[in-house]
Amino acid sequence: MMQNSDWLPHRKARLCRAVGAIFVLAAMVMAIVIAVAGLSPGASPVCDIEAGCVWRNQPSILLDQDVRGIVLASPAGLKTFEAYVARPDVRLGLAAVEMINLGPFAFVMLGVGLALRRLGGRGSVALPKALRWLRLSSIAAILWALMSPLYDCLLATLLSPGTPNGATVEWFIYLDKIGAGLLLALAAYTAIWAVEAGLEARRDLDGFI
């Protein structure tokens, strides 16, 4: 029998709600990450023994390895690229591209967080509600895996006018980058769908009896 009409015992229900809140907070942080992608392209901590650690913009790290080597080979080329990335329209484009990349991931975090919150809730509907959010989260994970090559192509295309190669439309797909994530997301969706189908069949059987 459930304690106090909770799906889980009180202590485990509290833990689920707490962990769920962390996931929801992580989803909210994604909005900040997307904004930073436009405000400070390529920002990352750089540490030195003498100067310590500072937060520095390095937009060149957004480039593909081969193109980055060409840009960094010439001080003039690097200056031209950094001036291009500093343009407001380019920074807005970088934020939009990052939205394509991190938007589905943020929904994955949100869905998992809300599912855990539902599992820590009261009543017999806690599990069906949690599974519904997990199903939506798994769909978002599938989209996230599929968006990865689109993100790479859009990012390279957006940055290309600032490189010595000039403006080009980049189109490349690395199957090894999406294969594992896509298979895991499909496995999660299938498992959740199977559990939901089993619960629905159980409810129908109970109603018939």
Side-chain angles (χ1 to χ4, degrees), residues 7-8 13-45 55-59 61-64 85 88-121 125-159 170-193 195-196:
W7 170 255
L8 295 173
R14 269 195 317 181
L15 179 60
C16 271
R17 291 194 296 269
V19 175
I22 294 174
F23 274 87
V24 172
L25 179 61
M28 296 172 63
V29 170
M30 291 298 103
I32 300 176
V33 175
I34 292 170
V36 169
L39 295 173
S40 301
S44 61
W55 194 258
R56 184 179 302 170
N57 289 356
Q58 294 179 299
I61 67 174
L62 298 174
L63 293 168
D64 186 69
V85 174
D89 59 329
V90 176
R91 295 201 172 195
L92 184 62
L94 287 172
V97 170
E98 199 62 37
M99 171 70 79
I100 293 174
N101 180 40
L102 292 182
F105 177 68
F107 195 88
V108 171
M109 296 291 100
L110 178 65
V112 171
L114 292 177
L116 290 172
R117 299 282 295 175
R118 296 298 180 271
L119 282 176
V125 296
L127 181 58
K129 287 183 177 180
L131 288 173
R132 190 176 305 120
W133 277 112
L134 285 176
R135 177 164 46 83
L136 293 174
S137 182
S138 65
I139 294 173
I142 293 173
L143 291 176
W144 182 38
L146 294 175
M147 286 294 113
S148 177
L150 178 61
Y151 164 77
D152 292 335
C153 296
L154 290 177
L155 181 62
T157 299
L158 176 64
L159 296 176
E170 301 288 349
W171 184 252
F172 46 83
I173 298 177
Y174 299 116
L175 294 178
D176 58 329
K177 290 184 62 176
I178 66 174
L182 184 59
L183 287 175
L184 288 173
L186 287 171
Y189 177 84
T190 303
I192 294 164
W193 171 81
V195 173
E196 283 187 314

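For the side-chain contact (heavy atoms from CB on, under 4.5 Å) criterion with Pro41, the lone passing option out of Val85, Val36, Ile61 is Val85.
Nearest approach of Gly93 to Leu158, heavy atoms of both residues: C-CD2, 3.5 Å. Closest non-hydrogen pair, Gly121 versus Ala126, comes out as O-CB, 4.3 Å. Listed here is the closest heavy atom pair of Ala130 and Leu119: CB-CG, 3.6 Å. Heavy-atom minimum distance, Arg91 versus Ser40: NH1-N, 4.5 Å.
With rounding to the nearest 0.5 Å, the separation of CD1 in Ile34 from CD in Glu98 is 7.0 Å. Taking CG from Leu134 and CG from Leu114, the interatomic distance works out to 10.0 Å, rounded to the nearest 0.5 Å. Residue Ile22 holds its CD1 atom at 12.0 Å from CE of Met109, rounded to the nearest 0.5 Å. Note that CG of Leu146 is 5.5 Å distant from CG of Leu182, once rounded to the nearest 0.5 Å. The CG atom of Leu62 sits 6.0 Å away from atom CG of Leu159, with the distance rounded to the nearest 0.5 Å. For the atom pair CG (Leu143) and CD1 (Ile139), the distance works out to 8.0 Å, reported to the nearest 0.5 Å.
Between Leu155 and Leu94 the shortest side-chain heavy-atom distance falls below 4.5 Å. The side-chain heavy atoms of Val97 and Asn101, taken from C-beta on, include no pair separated by under 4.5 Å.
No donor-acceptor pair under 3.5 Å is formed between the side chain of Arg17 and the backbone N or O of Arg117. A distance-only check finds no donor-acceptor pair linking the side chain of Ser137 to the backbone of Trp133 [under 3.5 Å]. Thr157 places a side-chain N or O within donor-acceptor distance of the main-chain N or O of Cys153, the cut-off being under 3.5 Å. Ser148 places no side-chain N or O within donor-acceptor distance of the main-chain N or O of Ala145, the cut-off being under 3.5 Å.
Within 6.0 Å of atom CZ in Phe107, more than 12 heavy atoms from other residues, nucleotides or ligands are found, so the atom counts as buried in its surroundings.
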